[in-house]
Amino acid sequence: MQGLVKMLNSFYDPQKSGVQYLEDLACAYWNSQVIFTAVELELFTYIGTEQRTLTEISKHYTSDENAMQRFLNTLTILGLLVKYGEYYYNSQLASEYLIKDKEMYQGDSILWRKELYSNWQDLKDTLIHGKRLNYIPDEKEEILKQKTKKYIKAMDCIAKSKAKEIVKHFEGLNLEGNLLDVGAGSGAFSLAFLHEFPSMRPTLFDLSSVIDITKENLEGYQCKISYHQGNILEDWNFKTEKFNVILLSNILHAYSEKEVEHILNQVAKWSDANGMIIIHDFFMEHHSLKAGLSDLNMMVNTYNGKVFEGDWVCKTLRSLGFYDEGLIPLKSDTALIIASRKKELLKEIHREPKQYLMLKLKALGFKNIQLLSSDEVCFTESAEVKCQFGCEHYGLGKCPPNSLPIEKTKKLLKEFKYGLLLEGEPPTKDFQLKIIAAEKEAYQQGFYKAFSLWAGPCSLCHQCKPQSSCPKARPSMEGSGIDVFETVKNLKETLEPVKNKNDYVKYFGLLLLE
């Protein structure tokens with residue numbers, strides 16, 4: 001396995017984060033200003049596929065050469081440029097996403113983030129008043145129109161990338177019939193579905209001011225696409241039959257609970273009995289940091305938008321007669337909810353089983369979850385020795401020598417291809433119960449061989465006979481010969497020895513998956 005796949009970011013590390021963590025938080029906007037400026041200058045487009053010297057770049061922008069050199073060197077450190085000798089090149093990342101006219105160009109999206117910055121300056125006052133403070137006056141129609149154009153263009157950058165990722169979940173399915181794209185924006189999602197499923201008939205539903213812009217973007221597809229102008233917060237009055245697929249991408253987070261309930265009621269009204277609902281959005285359970293920041297962004301930049309718990313959205317859909325299987329995480333910062341009145345239809349959806357499981361396990365309360373290959377687990381002969389000569393639990397319950405010998409543990413791991421390293425904290429009993437719940441969830445998700453090792457001596461009962469059979473008892477990682485410190489270290493995480501009584505304690509468990 002090349003490296004590791006991280007699903008959940010440990011943004012704050014209680015054992016490691018200190019003053020530097022606070023400094024990095026306070027200086028985060030420095031990074032933003034660097035990329036904002038580079039995109040505004042169209043620097044990456046100017047360099048293109050060529051090589052440019054400092055003198056050439058400075059002359060092109062009529063800038064001070066020393067100042068430009070410092071700027072370019074910072075872009076190099078950030079991985080957006082590459083320097084070889086006296087020449088600067090675009091990095092692979094910049095070449096793919098930051099050169100204008102490239103299919104996946106993200107510059108408009110990046111500059112839209114800069115547009116939002118001014119309202120973030122009012123966060124303190126927004127907290128006091130409980131709502132956004134600054135709005136564009138209604139009479140400034142031309143300003144609103146230009147801002148809408150910028151927004152649609154910016155969202156199109158992101159949508160193209162997300163749409164490709166979303167459509168993969170439906171590969172091989174025979175999707176056909178009417179598709180309703182609610183809050184369609186640029187139409188990128190409809191185009192992606194139309195490309196994969198040519199027999200579908202998309203209807204793009206948005207405000208009239210948006211539809212006018214959308215039609216310009218989709219000029220070559222007019223014969224395949226229908227448009228419906230209206231307000232999704234009012235009753236939807238279509239003059240067609242019901243829809244086989246209804247798509248809502250990045251719509252829910254722009255509204256309040258009451259408004260979302262109305263939208264989902266309208267979705268239920270216009271969804272075919274054999275149809276499918278696809279909701280794509282930020283959700284608090286997935287990529288929590290980005291979801292939390294997006295929630296604040298809605299607070300300072302919309303009337304009453306917010307980021308929801310996926311569980312709340314699912315419960316609302318179920319109350320309307322739909323089935324779902326919870327969140328389906330994307331590899332990026334968003335996730336899907338797919339629902340239907342026909343439960344069997346959901347079984348055909350493609351999902352990455354391990355990522356789906358990791359999202360389910362996060363809900364159990366683990367601090368961090370990492371996927372690793374079984375051969376990334378490290379062993380040490382000193383583990384059992386430390387148990388024998390340094391632990392009062394030696395010989396008791398399921399501790400060594402009543403645990404798994406190191407050779408048997410090594411042999412056991414050969415039966416498995418992957419493992420999930422689960423991070424938690426005391427109390428020990430609570431952590432061990434979570435490990436058991438994680439193993440059960442893995443089994444229910446189809447990993448029938450799932451087996452777990454936890455941290456420390458078994459704390460589920462007050463007393464435990466060495467030879468007794470217990471359906472819940474599991475061996476500890478340490479007691480089975482696993483070098484927990486080295487395993488964690490190799491995954492670029494931190495685990496520090498506890499030196500003082502009040503030091504933060506981390507526990508790790510290992511859930512083995514076939």
Side-chain angles (χ1 to χ4, degrees), residues 7-12 25 28 32 109-110 112-113 115-117 119-124 126-127 129-135 151 154-155 157-159 161-163 165-166 182-185 189 232-233 246-265 267 277-319 324-339 355-356 358-360 362-363 365 367-369:
M7 169 94 171
L8 309 168
N9 294 321
S10 259
F11 190 70
Y12 167 69
L25 280 181
S32 302
S109 172
I110 290 168
W112 178 255
R113 307 303 178 194
E115 290 265 339
L116 301 177
Y117 179 67
N119 284 343
W120 273 88
Q121 303 262 33
D122 296 326
L123 178 58
K124 184 180 74 171
T126 301
L127 294 175
H129 291 84
K131 62 181 181 179
R132 175 182 173 177
L133 300 177
N134 299 311
Y135 299 93
Y151 174 75
M155 294 304 102
C157 294
I158 301 172
S161 173
K162 298 279 189 179
E165 195 176 356
I166 291 170
V182 181
F189 288 97
I232 64 175
L233 298 181
I246 298 181
L247 171 66
L248 299 95
S249 178
N250 286 335
I251 296 301
L252 300 191
H253 71 242
Y255 299 101
S256 66
E257 286 96 336
K258 187 175 181 180
E259 291 167 333
V260 169
E261 287 172 352
H262 167 80
I263 291 168
L264 294 181
N265 269 283
V267 166
I277 299 167
I278 304 168
I279 298 175
H280 166 241
D281 220 308
F282 295 103
F283 294 102
M284 285 299 186
E285 298 95 331
H286 174 57
H287 211 304
S288 300
L289 174 61
K290 184 62 177 291
L293 291 172
S294 297
D295 185 50
L296 291 180
N297 185 55
M298 291 299 100
M299 185 168 65
V300 300
N301 279 299
T302 67
Y303 286 93
N304 50 15
K306 64 177 294 184
V307 173
F308 294 94
E309 294 278 352
D311 184 60
W312 178 81
V313 177
C314 290
K315 285 178 179 176
T316 304
L317 287 169
R318 290 167 200 161
S319 72
D324 69 88
E325 295 191 351
L327 285 188
I328 300 175
L330 300 182
K331 292 179 181 179
S332 51
D333 53 10
T334 50
L336 298 176
I337 293 174
I338 304 174
Q355 282 196 341
Y356 185 66
M358 290 163 80
L359 187 65
K360 288 283 190 181
K362 186 190 174 187
K367 293 288 184 182
N368 193 26
I369 303 176

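For this chain, numbers begin at 1 and follow the sequence in order. Any value given below was found using the heavy atoms of this structure, including those in side chains, with hydrogens, waters and symmetry copies removed.
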message: Between L330 and L336, is there a side-chain heavy-atom distance shorter than 4.5 Å?
response: yes

message: Looking at every heavy atom in both E259 and S256, which two are closest together, and how far apart are they?
response: OE1-N, 2.9 Å

field: Closest approach of F308 to Y255 (non-hydrogen atoms, all atoms of both residues)
entry: CZ-O, 3.4 Å

Exercise: identify the closest heavy-atom pair between V307 and A291: CG2-O, 3.7 Å

From Y303 atom OH to R132 atom CZ, the distance as rounded to the nearest 0.5 Å: 6.5 Å

- prompt: Can you tell me how far the CD1 atom of I277 sits from the CG atom of L247, to the nearest 0.5 Å?
  reply: 11.0 Å

- prompt: Can you name the residues that form a side chain to side chain donor-acceptor pair (under 3.5 Å) with T334, not counting sequence neighbours?
  reply: K162, H280

query: Minimum heavy-atom separation for W112 to A154, with atom names?
result: CB-CB, 3.4 Å

query: What closest approach, in Å, do A254 and N304 show between heavy atoms, and which atom pair accounts for it?
result: O-OD1, 4.0 Å

Residues that D311 engages under side chain to side chain donor-acceptor pair (under 3.5 Å), provided they are two or more places apart: K315

- prompt: Does some side-chain heavy atom of T316 sit less than 4.5 Å from a side-chain heavy atom of V260?
  reply: no

message: So, using side chain to side chain donor-acceptor pair (under 3.5 Å) as the criterion, who are the partners of W120 when residues are at least two apart?
response: N297

- line: Between E285 and G310 the two heavy atoms that sit nearest each other are OE1-N, 2.7 Å

- prompt: Got a second to check how far I328's CD1 is from I279's CD1, nearest 0.5 Å?
  reply: 11.5 Å

- line: Across all chains, not counting sequence neighbours, the side chain to side chain donor-acceptor pair (under 3.5 Å) partners of N119 are N301

message: Give me each pair satisfying salt bridge (charged side-chain N to carboxylate O under 4.0 Å, His left out) with a member in residues 291-310, each pair once, sequence neighbours excluded.
response: E257-K306

task: Could you pull out all residues at least two apart from R318 that satisfy salt bridge (charged side-chain N to carboxylate O under 4.0 Å, His left out)?
output: D324

